[in-house]
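Notes for the one structure printed next.
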There are 2 protein chains.
Amino acid sequence: MLDHTDQRILEELSRNSRITMKELGEKVHLTGQAAASRVTKLEDQGVIEGYTIKVNQEKLGNSIHAFITVITQSMNHQPYLTFVKAQKEIIHNYKISGDGCYLLECKFPSNGRLVQFLTDLNKHANYKLSIVINK
Amino acid sequence: MLDHTDQRILEELSRNSRITMKELGEKVHLTGQAAASRVTKLEDQGVIEGYTIKVNQEKLGNSIHAFITVITQSMNHQPYLTFVKAQKEIIHNYKISGDGCYLLECKFPSNGRLVQFLTDLNKHANYKLSIVINK
DNA sequence: TCAACTCCTTTCACTTTTCAAGTTAAATGG
DNA sequence: CCATTTAACTTGAAAAGTGAAAGGAGTTGA
């Protein structure tokens with residue numbers, strides 16, 4: 001399904017998705033047109049889901065990166081899920097098996113905002129907090 | 001430092017980083033050239049760290065998404081860190097404060113590979129495993 | 001008021017993309 | 001064995017986008 005050239009294309013696009021098709025072609029030993037048509041195919045197959053940017057969250061003022069393990073007490077998760085949808089600090093809400101029911105990945109601009117978030121979260125569930133201090 | 005137009009630009013590029021500068025300009029009510037120069041500025045400021053793609057990991061055959069909390073026994077983390085560097089299944093290795101020393105985010109192609117990984121990891125540290133079952 | 005500065009637009013030469021047509025090579029079937 | 005089909009690539013040309021230079025409008029401060 002995916003040959004070596006496709007792998008190389010995904011690699012190069014992961015490194016820089018704004019590369020021109022001509023340049024991409026040179027890197028994988030194809031013409032720009034051939035590279036472009038492979039990329040289109042990868043998009044159609046759903047292998048490439050989209051093109052995006054990496055943003056420096058610190059420079060945007062979101063300096064606190066947290067993982068929050070959520071342990072819901074109630075059987076009914078709906079109130080929690082509704083809460084999650086409303087919080088824009090949440091980057092991902094993973095349903096997990098293992099320690100806890102959900103794992104939240106969040107970014108906060110300040111300690112105060114984090115405290116507020118945890119207070120609100122605590123109305124629906126218990127949690128364990130992990131703060132990222134390095135990557 | 002960042003005005004509303006810059007925010008809009010970041011939003012649009014997050015949605016689609018391969019958009020042409022001309023189109024981006026139209027979306028934020030600028031000419032393509034003006035949009036391009038703002039983007040260059042955002043790059044120079046380090047706000048935009050890079051351009052990348054979202055790849056469907058399932059279609060690449062990496063169907064298991066795991067978070068692994070790592071609790072190192074030894075004071076010396078170096079053997080663990082060396083191990084981490086060598087594993088290509090690891091997407092992120094976060095140093096955390098809270099429950100554990102590190103949090104690993106990984107993708108595995110099979111259960112067997114996960115078991116192998118955990119066996120190897122266990123030579124350097126204890127762990128707690130969480131498997132993502134939904135997002 | 002004037003100079004300096006920032007941010008934007010216009011213009012134009014140059015590059016890239018897109019689309020159509022042609023080539024090649026491997027697989028299929030009489 | 002040869003004709004046919006198909007997939008993947010290349011070539012070429014028109015259309016579209018980019019980047020650099022020049023210039024205009026608005027703001028700031030002496």
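Just so we're on the same page: letters track the sequence lines, and every chain starts at 1.
- In this structure A:R18 satisfies the salt bridge (charged side-chain N to carboxylate O under 4.0 Å, His left out) test with no other residue, sequence neighbours excluded.
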Test side chain to side chain contact (heavy atoms under 4.5 Å, CB included) on B:L114 and B:N111; report intermediate values, then the result. CA-CA 5 Å; B:L114 170 57; B:N111 221 329; 4.2 Å; yes

Anything under 3.5 Å between a donor and an acceptor, one on a side chain of residues 127-135 of chain B, the other on a protein residue two or more places apart or in another chain? List them.
unit_1, atom_1, unit_2, atom_2, d
B:K128, NZ, A:D99, OD2, 3.3
B:K128, NZ, B:D99, OD2, 2.9

Only pairs under 3.5 Å count here: list side-chain donor-acceptor contacts from residues 61-69 of chain B, not counting sequence neighbours, and write none if there are none.
unit_1, atom_1, unit_2, atom_2, d
B:N62, ND2, B:Q57, OE1, 3.1
B:H65, NE2, B:E105, OE2, 2.8

Dump every N/O contact between nucleotides 23-27 of chain D and the protein below 3.5 Å, one line per pair.
none

With sugar-phosphate taken as primed atoms, P, OP1 and OP2 and all else as base, the protein-contact string of nucleotides 21-28 of chain C at under 4.0 Å (heavy atoms; B, S, -) is --------

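- Annotation: side chain of B:S14 is in contact with side chain of A:I53 (closest heavy-atom distance under 4.5 Å).
- Proximity of residues 9-18 of chain B to DNA chain D (heavy atom under 4.0 angstrom from any strand atom) is not detected for any residue.
- At least one side-chain heavy atom of B:L10 sits under 4.5 Å from a side-chain heavy atom of A:L60.
- Residue pairs meeting the salt bridge (Lys or Arg N to Asp or Glu O under 4.0 Å) criterion with at least one member in residues 47-65 of chain A: none, sequence neighbours excluded.
- Here CD1 of B:I90 is found 11.5 Å from NZ of B:K88. Values are rounded to the nearest 0.5 Å.
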Let me have the donor-acceptor pairs involving side chains of residues 74-87 of chain B, under 3.5 Å, with sequence neighbours excluded, atom names and distances please.
unit_1, atom_1, unit_2, atom_2, d
B:S74, OG, B:N76, N, 2.8
B:S74, OG, B:N76, O, 2.9
B:N76, OD1, B:Q78, N, 3.0
B:H77, ND1, B:Y102, OH, 2.8
B:H77, NE2, B:T72, OG1, 3.0
B:Y80, OH, B:N93, OD1, 3.1
B:T82, OG1, B:Q78, O, 2.9

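- Atom NZ of B:K22 is separated from atom OG1 of B:T31 by 11.0 Å, given to the nearest 0.5 angstrom.
- Heavy-atom distances under 4.0 Å link DNA chain D to B:Q33 of residues 29-51 of chain B, given in residue order.
- Taking B:E12 as the reference, B:R8, B:R15, B:L24, B:K27 meet the side chain to side chain contact (heavy atoms under 4.5 Å, CB included) condition, with sequence neighbours excluded.
- Here the side chains of A:E43 and A:Y51 are in contact, with some heavy-atom distance below 4.5 Å.
- Across all non-hydrogen atoms, the minimal contact from B:T52 to B:S17 is O-OG, 3.9 Å.
- The closest side-chain heavy-atom distance from B:V115 to B:L118 is not below 4.5 Å.
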Restricting to nitrogen or oxygen on both sides, can you table the protein-nucleotides 15-17 of chain D pairs closer than 3.5 Å?
unit_1, atom_1, unit_2, atom_2, d
D:dG17, OP2, B:K22, NZ, 2.9

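- Scanning for salt bridge (charged side-chain N to carboxylate O under 4.0 Å, His left out) contacts around A:D3 gives A:R38, with sequence neighbours left out.
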